[in-house]
Amino acid sequence: MAEPVSAPKGTYDILPDDQPLRRWVVSQAEAVFQRYGYGRIDTPTFEETRLFSRGVGESTDIVRKEMYTFEDLGGRSMTLRPEGTAPVARAYIEHGMHTLPQPVKLYYHSPMFRYESPQSGRYRQHHQLGIEAFGSAAPEVDAEVIGVLAALYRELGLKELDLRLNSMGCRECRPGYSAALREFLAKNTEAFCGECRERAQLNPMRTFDCKVPACREALETAPRLTDHLCPACAAHHARLQECLAVQDISFVPDHTLVRGMDYYTRTTFEFQSPLLGAQSGVGGGGRYDDLVETIGGPATPGVGFGTGVERIILALARGGGTPPGPRHPVVYLVALTDEARREAFSLAHQCRSLGVAAELDYMSRSAKGQMKQAGRSKARYAFILGEQELADHVVTVRDLVSGIERSLPGQEAVSLAAAQSADL
RNA sequence: GUGAACGUAGCUCAGACGGUAGAGCACUGGGUUGUGGCCCCAGCGGUCGCGGGUUCAAGUCCCGUCGUUCACCCCA
């Protein structure tokens with residue numbers, strides 16, 4: 001035998017039994033998004049590399065070490081989409097959506113690719129559901145975006161989620177804060193780990209991510225961005241909190257919530273689940289008022305979120321979600337002779353043409369074996385065809401729930417199944 | 001990229017001290033000359049991740065490698 005090939009590291013197959021739950025999650029999400037007025041957009045699976053290096057930011061981990069980048073045959077540098085916001089912003093610009101009535105509200109469901117070391121809830125290819133609202137700087141839009149995600153989680157039955165909320169300020173107030181924080185870090189440099197000292201240079205706010213207890217303790221006394229917000233950012237943040245209250249959404253302020261993309265301004269948020277272990281983030285996002293301009297479009301504010309399908313499914317599985325059952329056939333055809341097999345194939349076709357899910361044996365199983373399959377398939381009826389039935393031009397219809405059998409002409413049997421099928 | 005644990009049948013897992021591979025489930029057939037879900041019997045199914053080493057002998061010990069899992073990092 002040739003050497004078997006397996007799925008690439010960090011990827012996995014989504015088998016038939018996995019599909020119903022996934023499709024349910026996605027369809028619930030689409031229903032919520034549409035109810036809030038978001039329209040679906042699909043962007044390419046790969047983009048020019050510079051979209052991400054510019055949009056997401058050169059200093060981010062994503063750009064520095066996690067992108068699937070390749071050169072195409074024309075010598076252009078391309079990258080498999082690592083996140084959803086930059087591509088949608090690109091499409092917004094490319095299609096002149098700034099000429100539409102604002103805000104322009106879009107949603108997506110797309111695979112994302114990041115070259116990371118896989119672990120529980122983290123893959124090299126994963127799927128995100130996300131929304132983006134472009135063109136309005138109103139805090140009400142931030143609140144709506146968070147409200148959409150909260151509504152989705154509620155309708156999926158996700159329990160025990162914590163919402164963390166922060167403000168990153170804007171280009172008016174962040175530089176002053178960064179300077180203050182940098183000064184603090186420089187003054188206390190011996191209190192921090194090597195990595196934090198590095199981060200202090202690149203992007204001082206990233207030090208808040210550090211899990212080293214000593215660093216955390218040292219950061220307790222660090223200046224907080226929420227205390228340095230300019231009046232406009234402070235007013236925005238205050239109004240957002242009012243709008244969350246209106247929607248009955250509670251949150252915990254977390255001034256250390258610094259997300260992995262450089263484009264965030266003002267609002268950042270993240271829903272976390274204690275059920276997920278180390279990868280506790282189920283979904284999050286924020287405002288990115290400079291992103292569109294950064295990648296070459298007209299100055300346009302925006303807010304959005306991304307939420308991981310795999311993480312939702314994991315949290316659902318661990319928190320007792322509601323997995324919808326798979327679809328069963330209505331009819332299983334049992335054929336006992338070669339001639340009966342021909343008739344069974346024909347009846348299966350008739351059933352299926354009428355929208356009735358029908359299954360039959362292709363493995364030459366014994367009568368008992370076929371009945372066993374019929375039972376296993378959870379079909380409502382077994383249509384049994386043998387010498388006797390063919391001679392009498394009937395099929396034996398066995399109700400697999402009650403065990404009651406009766407003889408019916410083929411057409412009537414099919415009609416019976418069609419009626420049953422309509423009730424489902 | 002770093003650290004730890006694990007890798008035996010399709011799946012879940014046994015295999016003290018190295019001695020020539022087992023169970024349950026699943027699958028197929030039979031018990032019922034043409035009838036499921038329970039039960040009984042039988043059968044099918046394994047290069048013990050891969051490569052090297054130690055040994056008379058390696059699933060078992062050693063080294064390497066790949067993969068999985070968990071954690072760090074970061075994120076969905």
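A note on names: the letters A, B, ... follow the listed sequences, proteins ahead of strands, and every chain is numbered from 1.
With centroids closer than 5.5 Å and planes inclined by less than 30 degrees as the test, His127(A) and the base of rA76(B) fail to qualify as a stacked pair.
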**Message:** Assess the residue pair Leu314(A) and Ser120(A) against the criterion (side-chain contact (heavy atoms from CB on, under 4.5 Å)); give the C-alpha distance rounded to whole Å, side-chain angles, the decisive distance to 0.1 Å, and a yes or no.
**Reply:** CA-CA 9 Å; Leu314(A) 194 59; Ser120(A) 178; 4.0 Å; yes
**Request:** Could you check Tyr38(A) against Phe33(A) for ring pair (Phe, Tyr, Trp, His ring centres under 6.0 Å), going step by step and ending with a plain yes or no?
**Result:** CA-CA 5 Å; Tyr38(A) 291 74; Phe33(A) 298 164; 7.1 Å; no
**Asked** Can you list the steps and then say if Asp142(A) with Val145(A) is a side-chain contact (heavy atoms from CB on, under 4.5 Å)?
**Response** CA-CA 5 Å; Asp142(A) 305 44; Val145(A) 164; 5.9 Å; no
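Judged by Watson-Crick or G-U wobble contacts below 3.5 Å, the nucleotide rU60(B) has no partner. Here rA9(B) sits opposite no nucleotide as a Watson-Crick or G-U wobble pair (both hydrogen-bonding atom distances under 3.5 Å). Judged by Watson-Crick or G-U wobble contacts below 3.5 Å, the nucleotide rC39(B) has rG31(B) as its partner. Across the strands present, rC70(B) finds its partner in rG3(B); the criterion is a Watson-Crick or G-U wobble pair with both atom distances under 3.5 angstrom.
If you take NZ of Lys372(A) and P of rC25(B), they are 12 Å apart, rounded to a whole angstrom. One interatomic measurement links the two molecules: CD of Glu116(A) to C1' of rC74(B), which rounds to 6 Å at whole-angstrom precision. The distance between atom CD of Gln119(A) and atom C1' of rC74(B), rounded to the nearest whole Å, is 9 Å.
Within the 4.0 angstrom heavy-atom criterion, only backbone atoms of the sugar-phosphate kind lie near Gly10(A); the bases stay farther away. Nucleic acid contact class of Gln125(A) (heavy atoms, under 4.0 Å, all strands): none. Residue contacts shown for Glu66(A) are limited to sugar-phosphate atoms, with no base heavy atom under 4.0 Å away.
For Ser366(A), a side-chain nitrogen or oxygen approaches OP1 or OP2 of rG30(B) to under 4.0 Å. Using a 4.0 Å cut-off, some side-chain N or O of Arg259(A) falls inside it from OP1 or OP2 of rA76(B).
Side-chain N/O atoms of Gln373(A) and base N/O atoms of rG37(B) include no donor-acceptor pair closer than 3.5 Å.
If you take atom P in rA57(B) and the same atom in rG18(B), they sit 15 Å apart, rounded to whole Å.
Taking the six-membered ring for Trp, Tyr332(A) and Tyr381(A) have ring centres at least 6.0 Å apart.
Seen from the ring of Tyr115(A), Arg124(A) counts as a face-on cation partner, given the 6.0 Å and 45° thresholds.
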